[in-house]
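Scope of the values below: all heavy atoms of this structure, side chains included, with no hydrogens, waters or symmetry mates.
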Amino acid sequence: YTNEVQTVSVRKRPGFGCESLSGNFALSFEGKATLPIDVEASSKDFKEALESLETIHTVNVKSDHHISNGAGDCASQSWIVTFTHLVHENRQGAGDIGLIRLYS
């Protein structure tokens, strides 16, 4: 099997004070939603938010943060999520699954 890998990214559009990020968002997976996640959440915090869902058992998360170098260079944050075990699976491994979706 191959573990499913999905990426969640946050980035402001140019022209909207895009040099810094602020705020939060929630995600959903298989009909269940996370509590709000800060746009600058660490890999550990993002992992905990996803694993709090009753539809996800375990994931691995790596984050990539782009710090702005000045006007016009937009800051961004990405989290690379590797699903390792979903709750409804009777053995470890999670491949070809639904998408993580923006909830709010």
Correct closest heavy-atom pair for E40 and D38 would be N-OD1, 2.7 Å
Looking only at heavy atoms, what is the nearest atom pair of Q77 and S63, with distance? NE2-CB, 3.7 Å
Of the options L50, D64, L27, V10, which is the one that meets W79 in a side-chain contact (heavy atoms from CB on, under 4.5 Å)? V10
Is there a side-chain contact between L53 and T34, using heavy atoms and a 4.5 Å cut-off? yes
If we only count heavy atoms from C-beta on, is the V81 to K62 side-chain gap below 4.5 Å? no
If you measure from SG on C74 to NZ on K12, what distance do you get to the nearest 0.5 Å? 9.0 Å
Do the side chain of S42 and the main chain of D45 share a donor and acceptor less than 3.5 angstrom apart? yes
The test is side-chain contact (heavy atoms from CB on, under 4.5 Å); show your working for R11 and L21 and say whether it passes. CA-CA 8 Å; R11 181 177 182 192; L21 295 173; 5.7 Å; no
Assess the pair F83 and F29: is the distance between their ring centroids shorter than 6.0 Å? yes
Beyond-backbone contact of T82 with E4, side-chain heavy atoms, under 4.5 angstrom: no
Do V8 and I100 have side chains that get closer than 4.5 Å, going by heavy atoms? yes
Closest non-hydrogen atoms of T58 and E51, given as atom of the first, atom of the second and distance, are CA-OE2, 3.3 Å
Nearest atoms (heavy-atom pairs only) where K47 meets N60: NZ-OD1, 4.1 Å
Please determine whether residues V61 and L102 belong to a single hydrophobic cluster, defined as Ile, Leu, Val, Met, Phe, Trp and Tyr linked transitively by side-chain heavy-atom distances below 4.5 Å. yes
Checking S78 against T7: is there a side-chain donor and acceptor pair closer than 3.5 Å? no
Taking every heavy atom of T55 against every heavy atom of K32, the minimum-distance pair comes out as CG2-CG, 3.7 Å
Minimal heavy-atom distance between I37 and F46, with the atoms involved, is CG2-CD1, 3.9 Å
